[in-house]
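Working notes, structure below.
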Amino acid sequence: MARHLITSAIPYINGIKHLGNLVGSQLPADLYARYLRERGHEVMFICATDEHGTPAELAARKAGQPVAIYCAEMHQVQAAIARDFGLSFDHFGRSSSERNHVLTQHFAGKLDENGWITEVEESQVYSVDDGRFLPDRYIEGTCPNCGYDKARGDQCENCTKQLDPTDLIEPRSAVSGSTNLEVRKTKHLYLRQSALKQQLAEWIDGKSDWPILTTSIAKKWLNDGDGLQDRGITRDLDWGIPVKKGDKPWPGMEGKVFYVWFDAPIEYIAGTAEWADAQGRPDSDWRRWWRLDEGAGDVTYTQFMGKDNVPFHTLGFPATIIGSGEPWKLVDYIKSFNYLTYDGGQFSTSQGRGVFMDQALSILPADYWRWWLLSHAPESGDSEFTWDNFQQSVNKDLADVLGNFVSRITKFCRSKFGETVPEGGSYGPEEEALIEALTSRIRAYEGFMDHMEIRKSAAELRAIWVLGNEYLQSAAPWSTFKTEPERAAMQVRLGLNLIRLYAVLSSAFIPFASDAMLSAMRTDNRDWPDDIRAALQALPAGHAFIVPEVLFAKISDESRDEWRERFKGIRG
RNA sequence: GGGCCUGUAGCUCAAUGGUCAGAGCAGGGCGCUCAUAACGCCUUGGUUGGGGGUUCGAGUCCCUCCGGGCCUACCA
């Protein structure tokens, strides 16, 4: 039994996430957390909403709400959807929590104490009518290079030229359209990442087992151009964590807040503290996950995220941890993902293109999505969602291979023996061969799951389901029942036990169906099958069960076509 | 512009430099009748994007060209 700390990249607060966001972090993290728990490990699985920054303020304004209220409501919405998807967080926190305020200010104070903070005076565009500073990309104007009239202050989307906001012709606020803009001086804190470069590089060089996607992005940032750059960790915003040195004021920084990317990863720690608070536990209970000097020495920490998050988790957050000079736990393994694309293009939150988490659940149960997304996780490259592929995969894998297996064996038993595990008979060569095949495949499955090889795990699990159908086909209890009823009883008993076994093995992927299978078998026995032969005797002769409802109804061509039409355009 | 990833069967993907490049789905044939017209068995299908090179041996390593994707530091 080991101790595993697992965090998923925290989803941004400004709306419901789409399936691409889900498969890139929360869902695979949940798979891993569920699997490790089943294997008997102690798991702490933390996620949260990422609530600060300009987009949150603007989304609140658009919704006509104070930003704190908006975030509180959106947090509840995201939490409910996460729960309905079966995401088994030990705690789903908020980056705006008091715990995060205190910890973020603490880290900043330590970094300053250790000389890793510099103050930089810079010029920033201020929108008088909006009453706020604007990030570069929230300024629009005409591109001096190509004449495109909706160029952003950081880059022209039309000609891809990098821009400075002051390059724009007739610049205006992207928020209000106001042209009443001026450049103002403002002072910000910078984290001296450049000075920590060597330590970060050595740390990353030691991670030879990380996905190439993770290390290549990290090394690019470390070595590109002049090397790792210092990063501003404060912003001129109202909503955020006020800049303080620990619990002391930070002279000259009044009215400023920390940059969202500074406080967001710290929320992994704060979220664990929020968990302790919610459980009524003492601080020592969360600190034993995070402080090497308070019990975290035996913790394995794994992070899940989309590739866009990699620089902040390989460089920014570790710089914060290392720079603090305190014995906080650094991540051991970063599992990063490419993107899921939608029917030939990108999922788009702004254009409402693709399927969003709430919509997904409104048309099909969570397990359908969980299975498809995980079995097609974008591990080696981007992967594409199409309705044809979704329908085909789900119907074949879930309805035909697994669902129908459960159906055929339970219904056969009911008709010949009643809804009770039948008695009699003993294993022959076929059963021995099945146990051998199951053992081999289950050990392979464990290996893939241990290494977070998600698509391979799914393929192996499916192959394990197939073994059940192969067995039934060759054992043919409907034939043996006529001549050797005892043998048929043994075959059916084995088949029924396979249902329980499959429920246990599959629960990380399809937890709801897994529960339904165990419930139909009237058992709470979720023991991991270390010994397959023993696992196939968990349901003894005489044990009562019920024939379950159809586990997975098939997706019809009509539904598929309707959904393809419904989700191709703008979200209503 | 620079960097990274990627290109393998109709589709989605596998293959520590080492038998004849493998699975699933789709297609074709046969079987079974317990089951959600489900399941099982067999089977068609590949000049591994093009070209060159290294090697006894290349899908794998190198060069080059072509296609797709991502990142490029004030969105998060």
Side-chain angles (χ1 to χ4, degrees), chain A residues 9-14 50 52-56 58 122 124-125 133-139 152-155 160-162 164-165 188 193 211-213 215-217 219-221 223-225 228-232 235-236 259-261 264 306-312 315-316 338-339 341 346 349-350 375-376 378-384 386 388-389 392-393 395-416 453 455-456 458-459 462-463 466 468-479 481 488 491-492 495 547 549-554:
Chain A
I10 63 178
Y12 200 65
I13 193 70
N14 67 341
D50 181 12
H52 297 135
T54 307
L58 298 182
E122 55 194 13
Q124 183 82 37
V125 174
F133 283 95
L134 292 174
D136 291 356
R137 71 168 47 202
Y138 284 97
I139 300 155
R152 292 192 322 217
D154 57 339
Q155 184 176 37
T160 74
K161 186 178 170 61
Q162 306 270 325
D164 190 88
H188 282 295
Q193 296 186 141
I212 290 173
L213 184 65
T215 49
S216 66
I217 292 172
K219 288 179 179 176
K220 169 70 156 71
W221 281 59
N223 302 316
D224 195 35
L228 186 61
Q229 302 296 297
D230 295 342
R231 180 174 275 274
R235 291 290 184 274
D236 289 294
Y259 176 41
V260 53
W261 263 116
K307 57 187 169 186
D308 52 331
N309 274 294
V310 168
F312 303 99
L315 304 167
N338 289 282
Y339 292 142
T341 61
Q346 292 186 340
T349 302
S350 58
S375 61
H376 294 79
E379 290 176 296
S380 58
D382 292 349
S383 64
E384 183 180 17
T386 65
D388 280 336
N389 186 301
Q392 214 166 59
S393 297
N395 284 354
K396 194 70 189 173
D397 299 348
L398 297 181
D400 295 346
V401 175
L402 178 61
N404 183 56
F405 172 77
V406 172
S407 196
R408 66 193 294 204
I409 187 66
T410 52
K411 285 183 180 173
F412 180 77
C413 183
R414 179 173 61 185
S415 72
K416 305 299 185 200
E453 296 209 60
R455 282 180 310 197
K456 288 182 180 176
R462 184 190 191 282
V466 167
N469 284 311
E470 289 175 355
Y471 171 73
L472 280 192
Q473 188 64 34
S474 68
W478 47 91
S479 293
F481 182 76
Q491 293 167 334
V492 169
V547 174
E549 296 297 309
V550 166
L551 274 183
F552 297 101
K554 290 202 190 192

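Letters go in sequence order (proteins before strands), and every chain restarts at 1.
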Considering only side-chain heavy atoms of [X], which listed nucleotide, [options], is closest?
X        : options             : result
A:Ile212 : B:A76, B:C70, B:C5  : B:C5
A:Gln229 : B:A14, B:G24, B:A73 : B:A73
A:Lys307 : B:A76, B:C74, B:C70 : B:C70
A:Pro55  : B:A14, B:C70, B:C75 : B:C75
A:Tyr339 : B:C70, B:C13, B:A76 : B:C70
A:Val260 : B:C5, B:A76, B:G69  : B:A76

Find every protein N or O atom lying less than 3.5 Å from an N or O atom of nucleotides 8-12 of chain B, and list the pairs.
none

At under 4.0 Å between heavy atoms, what does [X] touch on the DNA or RNA strands: base, sugar-phosphate, or nothing?
X        : result
A:Asp308 : base
A:Glu122 : base
A:Phe312 : base

Phosphate contact (B:C74 OP1 or OP2) by A:Arg152 side-chain N/O below 4.0 Å: no
Consecutive Watson-Crick or G-U pairs in runs of at least 3, all under 3.5 Å, in which RNA chain B is involved: B:1-7 with B:66-72, B:10-13 with B:22-25, B:27-31 with B:39-43, B:49-53 with B:61-65
Student check: side-chain heavy atoms of A:Lys411 and A:Arg414 closer than 4.5 Å: yes
Pair A:Ser393, A:Asp397: side-chain N/O donor-acceptor within cut-off below 3.5 Å: no
Distance-only polar pair, side chains of A:Ser380 and A:Arg455, donor-acceptor under 3.5 Å: yes
Atom-pair distance (CG on A:Asn338; P on B:C5), nearest Å: 11 Å
Integer-rounded Å distance: B:G3 P and A:Leu213 CG: 18 Å
Does the [X] side chain pair with the main chain of [Y], one donor and one acceptor, at a distance under 3.5 Å?
X        : Y        : value
A:Asp50  : A:Pro11  : no
A:Asn395 : A:Lys554 : no
A:Gln124 : A:Phe133 : no

Presence of donor-acceptor pair under 3.5 Å, side chain of A:Trp221 and base of B:A73: no
Geometric class of the A:Phe412/A:Phe481 ring pair [parallel <30°, tilted 30-60°, perpendicular >60°]: perpendicular
Interatomic distance at C1', B:G28 relative to B:U36, whole Å: 25 Å
Inter-nucleotide C1' distance (B:G68, B:G49), Å rounded: 11 Å
Contact letters for nucleotides 34-40 of chain B, in which S counts primed atoms plus P, OP1 and OP2 and B counts the base, heavy atoms under 4.0 Å: BBB-SBS
